[in-house]
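Computed from heavy atoms alone, side chains included, the values below leave out hydrogens, waters and symmetry copies. Sequence lines set the chain letters: A, B, ... in the order given, protein chains first and strands last, and positions in each chain run from 1.
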Number of protein chains: 2
Amino acid sequence: MHWQLPRSIAGSHQLAPLLTKGHTVKMYNSPSGSNPKKVRMYCAEKGIDLELAHVSFGKEEHRSDNFKSTINSLARLPVLELDDGTMIAESVAICRYLEELHPEPPLFGNTPLERAQVEMWSRRMEMEVTVNISNILRHTSPFFATTVVQVPEFADASRKTALQRFEWLNDELGDKTYLLGDRLTFADINGYAGFVMMSQVELEFDPKLTNLIRWYDNLASRPSAEA
Amino acid sequence: MHWQLPRSIAGSHQLAPLLTKGHTVKMYNSPSGSNPKKVRMYCAEKGIDLELAHVSFGKEEHRSDNFKSTINSLARLPVLELDDGTMIAESVAICRYLEELHPEPPLFGNTPLERAQVEMWSRRMEMEVTVNISNILRHTSPFFATTVVQVPEFADASRKTALQRFEWLNDELGDKTYLLGDRLTFADINGYAGFVMMSQVELEFDPKLTNLIRWYDNLASRPSAEA
């Protein structure tokens, strides 16, 4: 297995090099998948220029013995590698780590209450709403056939649940711009990146869910959504 | 619907009243369920004396229109109510909020790296390991028949996945006492409380998983495990 040369996600944005007090960090990344996207979008919003090392899902590099023994035993992306070889898996853990090195602008909240609300909404978006999209994909896609005990009937059930949760979210959003009100937080990023798999499972928003569609379109229009 | 009088989880422990800078807080709680247990166990470890308001799962009080319109629209427990009526749902969000009011002893890590590792392990325990136990219960128990599109075949698949993840966790634990090494963190609490549903779904640890059993028995022996 060999990695492609790390590439920057800087694109056309002005990004600051990652402040790591002398440490270099690198993220094992894939252009597809919601979880790597969460970190890339977060970094774009923060102005963090993270070195990316490409791991090919298509070639199943993340399932190789080498990857599992040295990078992430769960065969998942993304993973952040620190210069001492420490590996941090889980997109939310990576973003929380980067937030501590780059506190401004705060995307995890400004006060204890706001930070609790970011955690609450981040979890609701991930574990109540977009998990259903992920479950449809995991239980129908040939890509997961060797690693998931696939149950197509559960994919159907997840589709029904997803549609219910979209209605719930539409009601909760009301006329808010972002989940916490007027300001973007990581909860929006976590949710938005989870929705990007919708097209892969032939799910669409019901046009009557105008709050949800407004929220989604607003996120989609941010330059960070391209990250 | 009426709540029972709040009761304290103090039991026989010496607990400090919750430091809230003049604010009172109360948690909507149920004695059953993993998620309320996470907060109670966390509070017992921190020495936080949290007022509890009992909500009856058996009477489906959490599914009443009143509960959903005033406490948690997702009909889930636990929920923390602040004295201005603000509701914080999601057990992890509640614990993070309490951690900010009661920083000592730190259970979410002492350094940016430790805090990332607590987040990583907390998520792995919840979303890779114990979610499978929860899925078995949700897809087989009559309690969930009206709120979950139940797929018994998915419960069977979750049982297989649970057993695979137990082996994975056993390997990851090695001879560590706690998930991060020598010191208890919220990741252990999140994981342990997720395992308590095992008996309800007739799951047991394979006796060969000695690291996992040692970790579990150690957690189970803490006074906080009774909370």
Okay, Glu99(A) and chain B: the region with an atom under 4.5 Å from a heavy atom over there is neither
May I ask you to name which of His139(B), Glu128(B), Gln150(B) has the most heavy-atom pairs under 4.5 Å with chain A? Glu128(B)
Looking only at heavy atoms, the pair that brings Pro112(A) and Tyr97(B) closest together is O-CD1, 3.6 Å
Is it the side chain or the backbone of Ser158(B) that comes within 4.5 Å of chain A heavy atoms, both, or neither? neither
Residue part contacting chain B, namely of Glu126(A), when any heavy atom lies under 4.5 Å: side chain
Answer whether the closest heavy-atom distance between the side chains of Glu90(A) and Glu119(B) falls below 4.5 Å. no
Proximity breakdown for Leu74(B) and chain A, heavy-atom pairs closer than 4.5 Å: both
State the CG-CE distance between Asn72(B) and Met120(A), to the nearest 0.5 angstrom. 8.0 Å
Glu153(B) portion near chain A, given a 4.5 angstrom heavy-atom threshold: both
Carefully, step by step, assess Leu113(A) and Ile88(B) under the rule side chain to side chain contact (heavy atoms under 4.5 Å, CB included). CA-CA 8 Å; Leu113(A) 176 58; Ile88(B) 303 174; 3.8 Å; yes
Of all heavy-atom pairs between Trp168(A) and Ser73(B), which one has the smallest distance, and what is that distance? NE1-OG, 2.9 Å
Answer yes or no: are there more than 12 heavy-atom neighbours, outside Lys160(A) itself, under 6.0 Å from its atom NZ? no
Chain B contact via Thr86(A) - side chain, backbone, both or neither, heavy atoms under 4.5 Å: side chain
Taking all atoms of both residues into account, what is the closest heavy-atom pair of Ala93(B) and Ala116(A), and its distance? CB-O, 3.4 Å
For the candidates Arg123(B), Arg115(B), Glu172(B), which exhibits the highest count of non-hydrogen atom pairs separated by less than 4.5 Å from chain A? Arg123(B)
